[in-house]
J.: 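Sharing a structure here in structure tokens format.
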2 protein chains.
Amino acid sequence: MPTLDDVGKAAGVSRGTVSNVFNRPELVRPELRERVEEAARRLGYGGPDPKGRLLKEGRFNAIGFMPPGAYAIAEFIRSPYGRELLQGAALACDAAGATLSLVNGTDETRTGTIREALVDGFILGNVVDINLVASAKRRRLPFVILESDAGPDVNSIRIDGRSGAMDAVRHLTALGHMRFAILSIRRTAGSAIIHLPGQAGRGLLAGFALDHERLQGFRDGLAQAGLSIDDVPVIETRPGDPEAGAAVFDHCPDATAILTMSDWQAITVLDEAVRRGIDVPGHVSVVGFDGTAESTRTTPPLTTVAHDVVGKGRLAAEMVLENGPPRQVVLPVELVVRASTAPPR
Amino acid sequence: MPTLDDVGKAAGVSRGTVSNVFNRPELVRPELRERVEEAARRLGYGGPDPKGRLLKEGRFNAIGFMPPGAYAIAEFIRSPYGRELLQGAALACDAAGATLSLVNGTDETRTGTIREALVDGFILGNVVDINLVASAKRRRLPFVILESDAGPDVNSIRIDGRSGAMDAVRHLTALGHMRFAILSIRRTAGSAIIHLPGQAGRGLLAGFALDHERLQGFRDGLAQAGLSIDDVPVIETRPGDPEAGAAVFDHCPDATAILTMSDWQAITVLDEAVRRGIDVPGHVSVVGFDGTAESTRTTPPLTTVAHDVVGKGRLAAEMVLENGPPRQVVLPVELVVRASTAPPR
DNA sequence: TCATTTTCTTGGAGCGCTCCAAGTTTTTTG
DNA sequence: CAAAAAACTTGGAGCGCTCCAAGAAAATGA
């Protein structure tokens, strides 16, 4: 690839002049300009390489988005939650004239990615591996983490998952439900993990912050109705696992209410219900989480623990772009009652 | 921000040694390494800046995605078509270990964006402004354009929109439909444009390649049934305009079949039908375009002119990443008949 | 102890560009 | 027509890094 120098040589002028021809053409006498442009054409010069400029300018004018532990970018875009989050981030980037870089990376390579990504800051999707936060700090770029809190010196945005989950349970117990099933999120590769009541080592409340918090909310909500989460089957599936619905119906045949951790999971359950001819909400009630646009369009429309996902994505990008003092934001949630819940059969 | 040199100075070693500490630590004696690391910590050095390396290496290891003329990135992600396309591109980037950069830009700034984006290649969403192709050529990076054909020296991927559109019309005329409405895409900002039959200067077949082609298909399909597109009202709305459905029902009250240019538009029509208590397909049939995953989940499920959108996105990214000789790919379409079409009332 | 080998460290060159002070040429002015 | 002003062009410095040949130091062997 020819460089400014090559073009300059070919046109019999200096590098600086060639640079001017491309960046400040008004500074260069027309006939000279023409000569330089002609030389550039002849050599197949594609214009000043942004790499060079970059080094000088010092900014990529881009922020990186790293999807949550369990996802690849492609998978994340597929999820209703993921695409609204990206939408919001894209909105903010657009407004700021910045680029949104979708960086991939398996759990093992993410640290390296953080070290080397060509960005001015990061949005770290729900962080599973806490070492990522350490890596991000080390890079000394602004970043924000989603759905975790890593202390007062780290930007974070999360929702109050516990109270949202409690609201969902309260709604269902108020309708008279007593027999629940919980669809939780598996944060590693693989198919559904079934935790039946009474099973040893259910370790449900270990895991990852987001899931932990929501499970706590479910637990506490159940407790308020005199029920124990220990009697509730919990199934962990990967976010977009199409088998999730099947797993629930197979393993929790007498649940009258199914609590989930995302609208996507709830949709899977709805789909499986159609397949099996199970009536929702007549036979079983289903509650989603996140309140994405999808949840309004299902059949029946989904009762869900909603928050402003697009707004969250936008805020995240804004925080990174602004690079102000660290903030920990907790967004409100609201139970939106639609037609997927009703009194038990 | 401190640099390798600063750290070297602070630790009393050379720049090269500091670089080794970070990149090939095994080459550096442990105690020296420790001394350097300690100096780095003390200075708050965030590790070798990728900018420097970049210049040496010469590749960004990223491809840029530029959305179609009418969209911003955020809007594009909202559309069922857009997110499947991005999904596919993300898939290919992930497999290649590359980053997918979502570059924004209004119509006026896109040329500049193409000149300066920090990427090794481009996917240009449906190109409205043909000058973009010239800009992309000038940059001398691999690129592919979608839903247009810019000749044998430019990578392109498109579907056979004309035959897909014809299939849609044939399906409807076979069912007995005689009165149509067409929902087309407005490629500029603003609300719906109504082209009623007989109106002067309908200029329907001008516009942008994709729309042009599909309109041709509609025209030719109608002609086969002895109908003229000149008698069919055509409404142009922006891709995600929620008013699209309303415009159709307001201005084409006696259409028994509505042809659209995207599933997204068709979904809008379905939503409006629900709102107005209009039965689909009892009262009116609706046909989508693209065959996105969304189209299976609507009520009723959508009859649509389908193609593999995810595959298209993946292929696009692969073509850019491979940087082989230019190819012009035409993907097959297939009319998928579902429950949104039926014989006319 | 000195020669040889092995291990470690150095600093210059170069990646492609932009910026800018200084120099050169052209134009204007008195 | 010379001097002053304006217009244009030049080339070095520097952005932060990696690579690598060469040099220095330490370890090993005779």
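Please read all numbers here as calculations on a predicted model, not as lab measurements. Throughout, protein chains are lettered first and strands after them, A, B, ... in sequence-line order, and every chain is numbered starting at 1.
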J.: Apply side chain to side chain donor-acceptor pair (under 3.5 Å) to B/R115 and B/T113, showing your working.
T.: CA-CA 5 Å; B/R115 213 172 42 228; B/T113 304; over 6 Å; no

J.: Quickly work out the B/R139 CZ to C/dC17 C1' distance and round it to whole Å.
T.: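 Atom CZ in B/R139 sits about 13 Å away from atom C1' in C/dC17.
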
J.: May I have the distance from B/R115 (atom CZ) to C/dT18 (atom P), rounded to whole angstrom?
T.: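 Checked: the CZ to P distance equals 11 Å.
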
J.: Classify the nucleic acid contact of B/N23 as base, sugar-phosphate or nothing, counting any heavy atom under 4.0 Å across all strands shown.
T.: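 Here B/N23 touches the backbone only, sparing every base.
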
J.: Look at the side chain of A/R15 against the base of D/dT10 and say whether a donor-acceptor pair falls under 3.5 Å; ignore hydrogens and angles.
T.: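 In this structure, the two groups form no donor-acceptor pair.
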
J.: Under 4.0 Å between a side-chain N/O of A/T3 and OP1 or OP2 of C/dG16, yes or no?
T.: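 Looking at the OP1 and OP2 atoms of C/dG16, neither is under 4.0 Å from any side-chain N or O of A/T3.
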
J.: Taking all heavy atoms of A/L331 and all of A/H307, pick out the closest pair and write down the distance.
T.: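 Minimum heavy-atom contact is CD1-CD2, 4.4 Å.
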
J.: Once you round it to whole Å, what is the distance between P of D/dC20 and CG of B/N20?
T.: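 Rounded to the whole Å, the gap is 12 Å.
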
J.: Looking at B/Y45 versus B/F22, is the centre-to-centre ring distance below 6.0 Å?
T.: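 When the ring centroids of B/Y45 and B/F22 are compared, they turn out to be within the sub-6.0 Å range.
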
J.: Quick one: label B/R24 by what it contacts on the DNA or RNA (base, sugar-phosphate, nothing), any heavy atom closer than 4.0 Å.
T.: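 Here B/R24 touches the backbone only, sparing every base.
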
J.: Can you confirm whether or not the ring centre of A/F65 sits under 6.0 Å from the ring centre of A/F122?
T.: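 Between A/F65 and A/F122, the centre distance exceeds or equals 6.0 Å.
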
J.: Would you kindly give the CG-to-C1' distance between A/L32 and D/dA7, to the nearest whole Å?
T.: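 It works out to 12 Å between those atoms.
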
J.: Is B/S14 near enough to C/dG11 that one of its side-chain N or O atoms lies under 4.0 angstrom from OP1 or OP2?
T.: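 B/S14 to C/dG11 OP1/OP2: no side-chain N or O under 4.0 Å.
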
J.: Let me know, please, whether A/P2 or B/P30 comes out on the 5' side of the other along DNA chain C by nearest nucleotide.
T.: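 Counting from the 5' end, the first nearest nucleotide belongs to B/P30.
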
J.: Do NZ/NE/NH1/NH2 and the carboxylate oxygens of A/E37 and A/R41 come within less than 4.0 Å?
T.: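 Between A/R41 and A/E37 there is no salt bridge, as every charged N stays at least 4.0 Å from the carboxylate O atoms.
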
J.: Given A/S101 and B/S101, is the side chain to side chain donor-acceptor pair (under 3.5 Å) satisfied, shown in steps?
T.: CA-CA 4 Å; A/S101 282; B/S101 282; 3.1 Å; yes

J.: Grab the CG-C1' distance between B/L27 and C/dT9 for me, whole Å please.
T.: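 After rounding, the reported distance stands at 10 Å.
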
J.: Closest heavy-atom contact between A/N104 and B/C93?
T.: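 Distance-wise, the nearest heavy atoms are ND2-C, 4.3 Å.
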
J.: Please state how far atom CZ in A/R35 lies from atom C1' in D/dC8, giving the value in whole angstrom units.
T.: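 Answer to the nearest Å: 13 Å.
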
J.: At 4.0 Å (heavy atoms only), tell me whether A/T17 reaches a base, stays on the sugar-phosphate, or touches nothing.
T.: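 If one applies the 4.0 Å heavy-atom cut-off, A/T17 turns out to touch a base.
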
J.: Measure the distance from CG on A/D5 to P on D/dG12 and round it to the nearest whole Å.
T.: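 Atom CG in A/D5 sits about 11 Å away from atom P in D/dG12.
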
J.: Take the protein atom CZ of A/R140 and the nucleotide atom P of D/dG16, then report the distance between them rounded to whole Å.
T.: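 It is 16 Å, rounded to the nearest whole Å.
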
J.: Check DNA chain D against residues 45-56 of chain A and give the residues with a non-hydrogen atom under 4.0 Å, in numerical order.
T.: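 Correct list: A/L55, A/K56.
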
